[in-house]
Amino acid sequence: MNSVRLPAALGLLAGELLAQSGMSVEDRVTALLSRMTLDEKIGQMSQSTSIRTPLSEQFKAEIRAGRWGSFLNAGSVTDRAEAQRIAMKESRLGIPLLFARDVIHGYKTIFPIPLGQAASWNPELIEEAARQAAREATAEGIRWTFAPMLDIARDPRWGRVAESLGEDPFLAGTLGAAMVRGFQGRSLADPDSLAACAKHFAGYGAAEAGRDYNSVWLPEILLREVYFPPFHAARLAGVASFMTAFNALNGVPATGNRFLLRDILRGEWNYDGVVVSDYEAVPEMVRHGYARDDRDAATKALTAGVDMEMVSTSYVDRLKQLVESGSIGMNLIDAAVRNILRLKFRLGLFDQTIAPREVSPGPASLAIAERAAMESAVLLKNEGELLPLSGSVRTVAVIGPLADSRLDQVGTWSMDAVADAVQTPLAALRNRMGTGRVLYAPGLRNSRDRTTDGFPAAVEAARRADIVLLFLGEEQILSGEARSRAFLDLPGAQAALVDAIHQAGKPMVAVLMAGRPLTFHDVAAQARAVLYAWHPGAMGGPAISKLLFGDAAPSGRLPITFPRTVGQVPIYYSELRTGRPASEKELGIPLGNPEQPAGYTSKYIDVDFTPEYPFGFGLTYSRFEYSPVRLSAPVLRAAQPITASAEIVNRGARDGVETVQLYFHHVAASVAQPVRKLAGFQRVLLKPGESRRVSFQISSDDLAFYDQSRRRVTEPGRVQVWIAPDAARGSMAEFTVQSVTEPVE
Ligand code: BGC
């Protein structure tokens with residue numbers, strides 16, 4: 001029932017009327033809803049992608065009739081302005097449209113892919129990049145982005161690992177919340193605020209066999225411990241919307257999943273934002289074998305809690321009939337429309353008429369892009385401190401298919417990138433050293449090229465140079481949505497190219513640019529230094545060149561474990577121990593009698609069980625030493641947190657940023673706990689010789705986990721703590737948790 005009385009003003013559109021009335025958002029929603037026809041309500045629940053330039057008369061008529069609530073990827077800036085004018089001035093109720101677009105890692109200025117940004121372990125930087133993306137996109141009339149993607153990704157075969165914030169729930173939650181804050185700014189109502197969207201809820205990253213869209217089976221404890229927390233962190237950061245996932249979760253498609261959308265999101269998390277389906281995911285429930293037809297799919301999506309359907313038209317085609325026949329209650333429609341209108345009011349769409357304008361990357365945004373690219377690069381090897389390159393390097397050979405490819409270095413989701421603003425490593429190196437000192441011979445035309453006719457010129461360039469810089473990796477199109485790979489090796493003839501160059505006998509630095517962890521063991525063995533730059537975005541070139549020459553030092557850390565081979569996948573640090581853990585002593589193929597019980601441990605006989613590079617790993621141009629962990633007390637009692645600290649010293653000759661990581665492990669628990677769990681991190685900048693005590697507080701809530709009855713509890717027992725440079729190293733201390741608190745939530 002509408003409890004708000006509208007002034008009986010005629011001739012004013014509802015939006016303007018309500019804007020003048022000084023009512024609360026909720027009252028404005030109620031008042032507007034009470035005036036809407038069923039058709040208008042269903043229109044609000046529908047997002048179309050079909051705006052074409054120029055707007056057709058038919059489309060204008062549909063907007064006038066209130067047929068669409070939102071547009072995805074809608075036309076040009078002018079089209080958007082015109083469509084909005086028609087919606088607000090010529091439709092019966094003047095309800096504004098909400099323009100959405102995938103602004104994933106920058107809009108006009110492209111920042112590193114999200115997985116690369118995650119390697120910065122720097123929430124402030126990530127927030128700043130998202131803020132800049134929001135400024136650019138909103139200036140062009142877009143007020144809703146479909147980011148951040150918060151799917152935990154532990155399988156590099158899955159192409160969307162590029163869009164993720166890595167394998168760890170704590171890291172992804174911390175960085176995802178920062179991204180939400182960046183997109184949304186101080187208030188959603190600010191004209192440069194971009195509504196964010198936590199996607200894809202939930203479990204999408206655990207697609208079986210790393211094949212995109214594949215089914216997901218995850219026990220509830222794992223969902224609650226690993227897959228939900230980043231979404232919950234976004235919820236706490238005030239994320240404006242959630243998107244469902246394409247996958248079926250435990251046999252029920254996420255888009256029709258009441259457990260996910262009603263019980264968890266709306267119920268436990270008390271969420272009042274918009275839930276949008278993924279692209280055509282509503283009718284896809286028919287193909288999943290979960291809905292009989294699109295009528296059934298519309299019913300199941302709406303009952304589960306999907307407010308808006310993206311692109312497909314099951315809602316528009318079916319909901320009216322379903323309501324009129326009594327199969328669906330009007331209350332369900334009203335609840336969905338309320339969520340949508342609430343967001344439109346919160347965004348101030350009814351109250352602003354700012355003309356969109358075209359933007360392009362400027363110095364300020366490019367500076368953020370350069371810093372983000374620098375901080376996301378991870379130094380994996382630096383034998384004999386080859387890097388940074390000294391001023392005595394006269395000539396460099398620049399080799400490899402990624403050295404000069406603007407398109408490839410921006411990575412997936414960069415359809416709005418301004419190509420002219422993208423600077424490649426080749427361009428940056430030529431700028432820095434002068435064209436004559438840079439011998440460029442790509443060797444291969446692109447990352448998948450298998451031909452070797454470019455090899456001789458590349459080998460010749462290597463012979464003539466002091467140092468070889470290899471730019472290897474994956475071209476843009478090999479990661480992202482629907483880009484799963486069954487092999488993680490460098491594609492094409494890249495490994496053969498490196499073998500050939502190696503013969504020239506010059507020191508080699510490999511810079512890898514890719515959308516996922518690759519396996520490149522032999523290349524790393526041949527190169528003296530390896531820098532993993534991901535797809536670094538517009539300013540990848542200058543950033544890499546500055547890192548190589550030491551104008552800046554690498555500080556990135558892996559947000560995801562790097563396997564030795566695809567056969568180890570999924571591999572992640574936060575695993576359970578098993579009843580037969582292998583030990584470091586058992587690396588390699590076991591010797592002796594294979595029937596010895598000692599050999600019956602959890603490992604492989606053809607490759608080490610450890611990763612190539614562990615989670616959290618990354619070198620700098622300095623060397624840091626950690627003291628043993630000190631605890632403020634041997635026992636943790638419910639209300640008294642313990643402080644764990646360690647002294648970190650920079651023993652190197654240069655300034656360096658060390659990312660200090662806190663992990664813990666419950667020695668015995670009613671549900672076995674991971675060997676380590678990340679619970680905190682701090683980035684500290686230390687000068688040569690400088691030391692700092694880095695402290696973390698651990699409360700009983702930090703130690704809580706889900707027990708067999710799915711209650712979140714802190715159990716008594718022994719807890720081990722590490723303050724460490726990565727997930728595989730560091731010194732350990734132990735304390736006891738004395739009292740039980742249950743449940744914590
Ligand atoms: C993707 C989403 C994206 C949407 C809209 C879908 O295919 O899964 O992540 O936001 O398309 O472009």
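We count ligands from 1, going down the list as the structure has it; atoms in each ligand are counted the same way. Only this structure's heavy atoms are used, side chains among them; waters, hydrogens and symmetry mates stay out.
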Closer than 4.0 Å to some heavy atom of W413 - which atoms of ligand 1 meet that?
12 (O)

Would you mind reporting whether M45 and V337 have side-chain heavy atoms less than 4.5 Å apart?
yes

Between W413 and H105, does the ring centroid distance fall short of 6.0 Å?
no

Determine, for D192 against R131, whether the closest basic-nitrogen to carboxylate-oxygen distance falls under 4.0 angstrom.
yes

Are any of the N/O atoms in E163 less than 3.5 Å from those in ligand 1?
no

Is the closest N or O pair between Y279 and ligand 1 shorter than 3.5 Å?
no

Run the contact test for M310 against ligand 1 with a 4.0 Å cut-off on heavy atoms, strictly below, and give the result.
yes

Residue, atom and distance of the protein heavy atom nearest atom 11 (O) of ligand 1 read D278 OD1, 3.6 Å

Got an N/O contact under 3.5 Å between Y204 and ligand 1?
no

Aromatic rings W121 and F615: how do their planes relate, parallel, tilted or perpendicular, breaks at 30° and 60°?
tilted

What residues form a side chain to side chain donor-acceptor pair (under 3.5 Å) with E128, not counting sequence neighbours?
R371

At less than 4.0 angstrom from any non-hydrogen atom of K199, what atoms of ligand 1 do you find?
2 (C), 3 (C), 9 (O), 10 (O)

Show which atoms of ligand 1 fall inside a sub-4.0 Å distance from at least one heavy-atom site of F146.
10 (O)

Close aromatic pair by centroid cut-off 6.0 Å: F201 and Y271
no

Side chain or backbone of M415 under 4.0 Å from ligand 1, or both, or neither, by non-hydrogen atoms?
neither

N/O donor to acceptor pairs below 3.5 angstrom from side-chain atoms of residues 245-253, sequence neighbours left out:
unit_1	atom_1	unit_2	atom_2	d
N250	OD1	L218	N	2.8
N250	ND2	L218	O	2.8

Counting only nitrogen or oxygen atoms and a 3.5 angstrom limit, does D102 reach ligand 1?
yes

Quick check on R160 - does any of its heavy atoms sit under 4.0 Å from an atom of ligand 1?
yes

Less than 4.0 Å is my threshold; does some heavy atom of M243 fall inside it relative to ligand 1?
yes

